[in-house]
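Accompanying notes for the structure given below.
In this text, all values refer to a predicted model and were calculated from it rather than measured experimentally. Just so it is clear: chains get the letters A, B, ... in the order the sequence lines come, proteins before strands, and each one is counted from 1. The figures here come from the full heavy-atom set of this structure, side chains too, leaving out hydrogens, waters and symmetry mates.
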Amino acid sequence: MDLNIAEVCIVANLQTMGPLYVTDAGKGFFDNNSGMLLAARIIITSGMGNQASGMNKLHGPVPIPELELDQQYLCYFYINEMTQKPNPDTPYSTGKGTYIVCIVIPEEIKNDIRPYEKQIEDILNLEGKGIEFSETMSGELTTKLTEDISVRMKSIFEHIMQSFDLAPLFEATSLFNLGLIANLPPHISIIAKKLILNPKGLPERDLKDNKVVNTLINADLVTRVTKDGESWLIPR
Amino acid sequence: MSDQIGTLTVYSTRGGNGKTITSVMLATAAAKRNLKTVIIDADLEAPSLMHLLKPVRDGPTWVDFLEENVSDIRELPRECNIPNLDIIYSPLPKVGKNFLGWKTKDWWQQSLKRSMIAEEELHDIGYDLVVIDNQSGTSLNSVNNMVLADTSVMVIRPATYGVGAAENFIGEMYRVLRDLKPRQDYYMWNQVHVPTDDHESLILENFLNRWDESMKLHGLLYGGKINFSTKLNLGLLGETPNMMDFFEETRKPIDSLLDKLLQAKGIETS
Ligand SMILES: Nc1ncnc2c1ncn2[C@@H]1O[C@H](COP(=O)(O)OP(=O)(O)O)[C@@H](O)[C@H]1O
Ligand SMILES: [Mg+2]
């Protein structure tokens with residue numbers, strides 16, 4: 001098993017309902033997360049797709065064997081039951097089935113996404129914590145839970161993709177940065193361009209896309225001020 | 001007259017191609033057509049207007065504005081001996097202090113913002129045409145000035161190494177600029193030697209054709225051709241050159257370039 005391939009994983013410890021652990025692949029096995037992994041009933045991993053193996057395989061970031069994926073993926077949700085062999089030397093092993101849920105990051109964008117690991121980790125932590133696992137305490141993986149997890153995973157995946165697109169924004173200090181403008185996704189750059197072509201600012205109602213505007217404000221690239229009772233946006 | 005023509009920058013990939021001469025001649029031609037014109041000496045590495053169009057009085061400079069020592073744009077333009085033409089000067093860089101080197105990327109980004117506001121305000125206070133004598137190369141300063149302008153003229157000299165070096169990067173730069181806002185980018189040959197026989201004619205023609213094709217591929221429009229002028233070349237060696245003396249030397253190509261620029265804006269002058 002090649003531990004270098006998968007980059008990010010979340011481990012949900014169902015027995016304690018404790019924190020989610022995000023770690024990268026190289027660490028998953030032998031550091032102090034591994035106890036948690038062995039104790040876990042559901043492991044949520046987000047890993048990089050590995051097409052280099054010729055088969056669509058996700059190499060486990062956790063002590064799990066390679067998962068074989070049965071289709072080409074863009075966003076892939078895999079729920080599988082596997083049996084964790086009891087390990088008499090550790091206090092953690094349960095010997096019960098462990099469920100594995102994966103988000104697979106496609107091979108093609110693997111390298112692009114690497115520099116933004118930190119942001120992805122944050123999203124995984126934030127989103128992953130919202131997952132309600134109480135049902136699994138019985139040991140049953142119900143259809144409903146499977147569906148819930150799948151919906152959650154989709155949303156995490158979308159967040160990752162969006163954050164990936166937005167990463168340059170959060171690294172920038174000003175909108176007056178051509179390199180930045182040239183590399184933004186089109187729905188954002190169209191607003192960003194409008195703003196920099198109006199260096200003194202624009203009334204907020206001239207910009208239709210609230211979501212993008214808020215992202216720009218969060219990224220500290222636009223300031224919102226009130227002029228004559230009207231909300232204006234000023235590029236930084 | 002008060003037709004807003006916009007903002008034009010004269011650019012080149014390396015120094016000595018003729019940006020300053022082209023800027024001054026173009027601005028003079030516009031002023032002669034009763035267009036209220038201002039030239040900004042924005043070549044902070046090698047400002048020339050302090051020498052070529054000597055200021056008639058003291059005052060704050062473009063650098064003072066960028067450095068936020070001056071905030072009112074109206075303090076910057078200074079008149080010169082050509083009617084309808086004002087100048088915003090830049091000071092000679094201080095010895096031992098590399099102005100451009102110690103400015104951070106953040107500073108240049110804020111400088112773009114300030115310059116864009118200034119550009120807007122210069123039109124607001126009545127200038128029909130703003131001409132920016134740009135710095136050459138790929139510095140943040142030169143690219144900023146390209147962003148300010150809605151029209152650019154790249155001055156190139158016929159020398160393989162000169163244009164060849166340009167080609168690698170102009171495609172990308174102009175693509176990014178055009179994506180930002182509608183604009184027109186021209187190129188203009190300068191210092192073209194007049195051939196003395198058929199053989200020389202052929203060499204020159206082949207050369208120019210090859211590069212004309214390549215410039216077109218990058219979306220640049222043909223701006224014309226200024227021949228090498230010994231009068232202009234030697235005339236500029238003096239301590240106090242009178243720019244008006246050289247106007248006739250470049251008049252035809254400059255007037256025709258100005259016609260093109262004005263036509264593109266749908267403005268008629270005579
Ligand atoms: N058409 C021309 N004919 C002869 N000499 C020229 C011509 N254009 C420019 N020069 C010479 O080239 C020098 C550099 O021109 P300048 O306009 O200062 O270039 P830049 O601003 O691009 O550095 C000038 O001193 C002038 O002598
Ligand atoms: Mg110059």
Return yes when atom NZ of B:Lys105 has more than 12 non-hydrogen atoms of other residues, nucleotides or ligands closer than 6.0 Å, and no otherwise. no

For A:Ile196, which atoms come within 4.5 Å of any heavy atom of chain B: side chain, backbone, both, or neither? both

Which value, rounded to the nearest 0.5 Å, describes the distance between B:Leu177 atom CG and A:Leu178 atom CG? 6.5 Å

Does any non-hydrogen side-chain atom of B:Glu120 lie less than 4.5 Å from one of A:Asn198? no

Only pairs of heavy atoms separated by less than 4.5 Å count here; which of B:Leu140, B:Val176, B:Asp179 has the most with chain A? B:Asp179

Side chain, backbone, both or neither: which part of B:Glu121 has a non-hydrogen atom closer than 4.5 Å to chain A? side chain

Using every non-hydrogen atom in the two residues, find where A:Leu197 and B:Leu180 come nearest and quote the distance to one decimal. CD1-O, 3.5 Å

Which bit of A:Ile181 is near chain B, if near means a heavy-atom gap under 4.5 Å: side chain, backbone, both or neither? side chain

Near B:Ile125 CD1, under 6.0 Å, is it more than 12 heavy atoms from other residues, nucleotides or ligands? yes

Sequence neighbours excluded and cut-off under 3.5 Å, please list the side-chain donor-acceptor pairs for residues 215-224 of chain A, or say none.
from: A:Thr215; atom 1: OG1; to: A:Lys211; atom 2: O; distance (Å): 2.9
from: A:Asn218; atom 1: ND2; to: A:Asn214; atom 2: O; distance (Å): 3.4
from: A:Arg224; atom 1: NE; to: A:Glu204; atom 2: OE1; distance (Å): 2.9
from: A:Arg224; atom 1: NH2; to: A:Glu204; atom 2: OE2; distance (Å): 2.9
from: A:Arg224; atom 1: NH2; to: A:Asn214; atom 2: OD1; distance (Å): 3.4

How many angstroms lie between atom CZ of A:Arg236 and atom CD of B:Gln110, to the nearest 0.5 angstrom? 7.5 Å

Taking all non-hydrogen atoms of both residues, which atom of A:Asn177 and which atom of B:Gln109 are closest, and how far apart? ND2-NE2, 3.0 Å

So, does B:Lys113 use its side chain to make a donor-acceptor pair with the main chain of A:Pro235 at under 3.5 Å? yes

Cut-off 4.5 Å, heavy atoms of chain B, and the answer for A:Ile234 is side chain

